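These notes concern the structure reproduced below.
Note that this is a predicted model, so its numbers are computed, not measured. Numbers restart at 1 for each chain; the letters A, B, ... are given by sequence-line order, proteins then strands. Basis for what follows: all heavy atoms, side chains included, without hydrogens, waters or symmetry-related copies.
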There are 2 protein chains.
Amino acid sequence: MTATDPRSTTLHPLDLATQLERVDEHMLRGRSSEAYMNMVGPFGGLVNATLVRAVLEDPRRQGTPVALTVNFCAPIAEGSFEIRPALLRAGKITQHWSLLYTQGEAVVASATLVCAVRRPTFGFAPARPPVVPPASELPSYRSPVPLRWLDRFDFRFAGEALALESEPLAEPRSPRSVLWVQHAPPRALDFLSLAALSDVFFLRIFQVRGTAVPAGTVTLTSYFHAGEGELSAYGAPYLLGVSDARVFHDSFHDQTCELWAPDGRLLVSGTQLAWYRA
Amino acid sequence: MTATDPRSTTLHPLDLATQLERVDEHMLRGRSSEAYMNMVGPFGGLVNATLVRAVLEDPRRQGTPVALTVNFCAPIAEGSFEIRPALLRAGKITQHWSLLYTQGEAVVASATLVCAVRRPTFGFAPARPPVVPPASELPSYRSPVPLRWLDRFDFRFAGEALALESEPLAEPRSPRSVLWVQHAPPRALDFLSLAALSDVFFLRIFQVRGTAVPAGTVTLTSYFHAGEGELSAYGAPYLLGVSDARVFHDSFHDQTCELWAPDGRLLVSGTQLAWYRA
C-alpha cells in the first residue's frame with residue numbers, strides 16, 4: 001500500500017488487513033498486516049475476521065454468519081497465507097462451511113462457519129447487560145505493553161482495568177472484566193467488525209494472575225445474534241464487552257465473552273479455550 | 001447383536017452404539033443405534049461421542065480431548081455412516097483434528113477436536129456449582145414424550161422439570177434448568193461419557209415456550225476440564241448439569257451448559273446454537 005493508493009484514504013485498517021485475492025475457485029490469498037500485529041503473529045480477531053470475509057465474498061454464500069469456530073493450530077508467520085473455504089452442506093436455512101488457513105503446506109488455523117437465513121419469529125432476551133457508566137464517561141485504556149493491535153481498538157474499562165505487574169499476584173483476581181470497546185478509528189458494525197471484536201478480550205489468565213505469562217487461544221467460538229440490517233442500523237457504536245472464566249486447570253482455561261449494543265441487545269456471545277503456562 | 005453375543009452382557013449401550021469398524025487408514029464406519037434414537041435420527045450426544053471415539057481410537061492420537069465442536073449439517077438417516085478423521089496439525093502440547101461424518105456422498109456432520117497433553121500448573125476455580133439437594137433426594141424425570149434416547153439417562157431436576165404442553169405458554173419461562181444426570185444404566189466417567197452428557201439438555205426453546213416446536217442444534221462446542229485419571233477416579237457419579245440461554249432472536253438461540261462433579265469441580269462447559277420455528 002503506497003500513500004497514493006486511493007484506498008488508503010477510504011478503507012478502514014480492518015478492511016485493508018483482511019483483503020483477499022482470489023487465486024482460483026477453491027483458494028484465496030492474503031498477507032500479514034503490521035497494523036494488527038500481536039506478540040507472535042496477528043491478533044486472533046484479525047484471523048477470525050479474515051475467515052469470515054473469505055465466506056462473505058464467496059459467490060456461493062447465502063444468508064449471514066450465525067456461528068464461527070476458529071482453531072488456532074500453530075503460530076502464524078509474517079508474509080502470505082492461503083484460505084480454502086469448502087461448502088460442506090447447504091440447506092434452505094443453513095450453510096455449513098469449513099475453512100483451512102495455511103502457509104505453504106502447513107495448516108496454521110482451521111475454522112467452521114455456519115451461515116443462515118434468519119426469519120422473524122418468537123423472540124426473547126432473558127439476559128441483560130451489566131449497568132455501567134457510558135463510554136463517554138470512562139477513560140481510554142493505556143496498555144502497559146506496546147502491541148500494534150492494541151492501537152486498533154479503544155478500550156474503556158468499567159471498574160478495574162487490566163494491570164500487568166512483573167510478578168504474579170499472591171491471590172488470584174476475579175476473571176471478570178466489563179469494558180466498552182470500539183475500533184480505532186471507529187468502524188461501522190458488520191460481521192467483519194464483530195468477528196474482530198469477539199477476540200479483543202485479554203486472556204483471563206493475565207487478568208487473574210496480574211502478569212503476562214506464556215499463553216494463547218487454542219479455539220474460539222462466536223455466535224452472532226443479529227442480521228446485517230440490524231447491525232448497520234447501529235452505525236459505529238461502542239459495544240459493551242463482558243469477559244469471564246470459570247476454571248483454570250492443568251494449563252487450560254475457559255473464557256466467555258458477550259458483546260452488547262448500547263440499547264441492551266446481545267450481538268455476540270462467545271467462548272474460548274486457552275492454554276497457559278504459569 | 002444377538003442375545004448370545006458375549007458383549008451384550010458387558011458393554012454399556014453407549015459403548016455398543018459408538019462402535020466403529022476401520023475401513024482403511026482414513027475412514028471408519030459405524031451404524032445407527034436404536035438405543036439412542038431421537039425424533040429424527042440419533043441423539044446429538046451420541047454423534048458427539050462417536051466423533052470423540054474416532055479420535056481416541058486413532059493410533060496417531062496423543063493427549064486427551066480438551067475441546068470439541070460438532071456442526072450438525074443435515075438430518076442423519078438410519079443405517080451406516082462413515083467418519084474421516086484428519087490430523088491437521090500436531091505440536092508438543094496440542095493436536096488439531098478435523099472430522100467429517102458422512103452418509104454416502106453427503107456430509108451430515110462435521111467436527112473439530114483438540115487433544116492436549118495437560119501439565120499440572122497454576123489452578124483456580126472461580127465459578128461454583130449451584131447448591132441443590134443431592135440426586136438421591138430428587139425424583140427421576142418421566143418424559144412426556146417417548147424417545148428412546150431419554151431411556152438412556154436418568155434426569156433428576158432440582159426445581160421445575162421440563163413440562164411440555166400442547167400450546168406455548170402466554171409468558172416465556174426462564175431458560176435455566178438445574179438437574180442431576182447419569183447414564184442409564186450407570187456408566188463410568190470418561191471422555192465418551194462426557195461427550196454424550198454434553199448434549200442431554202433439552203433445547204431451551206422447549207423450556208421457555210413450554211411446548212415442543214420444530215427445532216434443532218446447529219453447532220455444539222464442549223470443553224473438557226479434566227484428564228483421564230481424574231475422570232476415572234469419580235467412578236460413575238451423577239453430574240450436576242446447568243443449562244441456560246441468553247437470547248432467542250429471528251429463529252436462532254444460544255444455549256450454555258455446565259457439568260459439575262459431585263465434589264464441586266467443573267468437568268465440562270459448553271455452548272450451542274440452535275435453530276427454532278415457533
Looking at B/Ser110, B/Gly91, B/Ala67, B/Ser269, which one has more heavy-atom pairs under 4.5 Å with chain A than the rest? B/Ser269
Can you tell me which portion of A/Tyr223 sits under 4.5 Å from chain B's heavy atoms? Options are side chain, backbone, both or neither. side chain
A/Arg173 versus chain B, the contacting section by heavy-atom distance below 4.5 Å: backbone
At a heavy-atom distance under 4.5 Å, which candidate from B/Glu230, B/Gln95, B/Arg176 has the highest pair count against chain A? B/Glu230
Determine the interplanar angle of the B/Tyr101 and B/Phe81 rings, folded into 0 to 90°, and report it as parallel if under 30°, tilted if 30 to 60°, perpendicular if over 60°. parallel
Ranking B/Ile93, B/Thr271, B/Thr256 by heavy-atom pairs under 4.5 Å to chain A gives rank one to B/Thr271
Reported CH2-to-CG distance for the pair B/Trp260 and B/Leu239, which is rounded to 0.5 angstrom: 12.0 Å
Report the distance from atom CG of B/Asp254 to atom OG1 of A/Thr221, rounding to the nearest 0.5 Å. 12.5 Å
With respect to chain B, which residue among A/Ala106, A/Ser251, A/Gly270, A/Ala226 yields the maximal number of heavy-atom pairs within a distance under 4.5 Å? A/Ser251
Examine whether an atom of B/Ala90 lies under 4.5 Å from a heavy atom of chain A, and if so say whether it belongs to the side chain, the backbone or both; otherwise answer neither. neither
Do B/Gln62 side-chain atoms and B/Lys92 backbone N/O form a donor-acceptor pair below 3.5 Å? no
Looking at B/Leu56, B/Leu194, B/Leu51, which one forms a side-chain contact (heavy atoms from CB on, under 4.5 Å) with B/Pro65? B/Leu56
Quick check for you: among A/Thr219, A/Leu100, A/Asp244, which has the greatest number of heavy-atom pairs under 4.5 Å with chain B? A/Thr219
Ring-plane angle category for A/His253 and A/Tyr276, please: parallel below 30°, perpendicular beyond 60°, tilted otherwise. tilted
Could you check whether any side-chain N or O of A/Arg246 sits under 3.5 Å from a backbone N or O of B/Ala127, counting only pairs where one atom can act as donor and the other as acceptor? no
Chain B heavy atoms under 4.5 Å from A/Val208: which part of the residue, side chain, backbone, both or neither? side chain
Is B/Val218 in contact with chain A via its backbone, its side chain, both, or neither, using a 4.5 Å heavy-atom distance? both
Chain B contact via A/Val66 - side chain, backbone, both or neither, heavy atoms under 4.5 Å: both
At a 4.5 Å cut-off on heavy atoms, which part of A/Arg265 comes close to chain B: side chain, backbone, both, or neither? side chain
In this structure, which one of A/Thr112, A/Thr94, A/Thr69 forms a side chain to side chain donor-acceptor pair (under 3.5 Å) with B/Asn71? A/Thr112
Using a cut-off of under 4.5 Å for heavy-atom pairs, which of B/Ala125, B/Gly227, B/Pro126, B/Pro168 has the most such pairs with chain A? B/Pro126
Can you say whether B/Arg128 sits under 4.5 Å from chain A via the side chain, the backbone, both, or neither, judging by heavy atoms? neither
Can B/Thr64 and B/Arg118 be said to form a side chain to side chain donor-acceptor pair (under 3.5 Å), step by step? CA-CA 8 Å; B/Thr64 51; B/Arg118 290 175 167 278; 4.9 Å; no
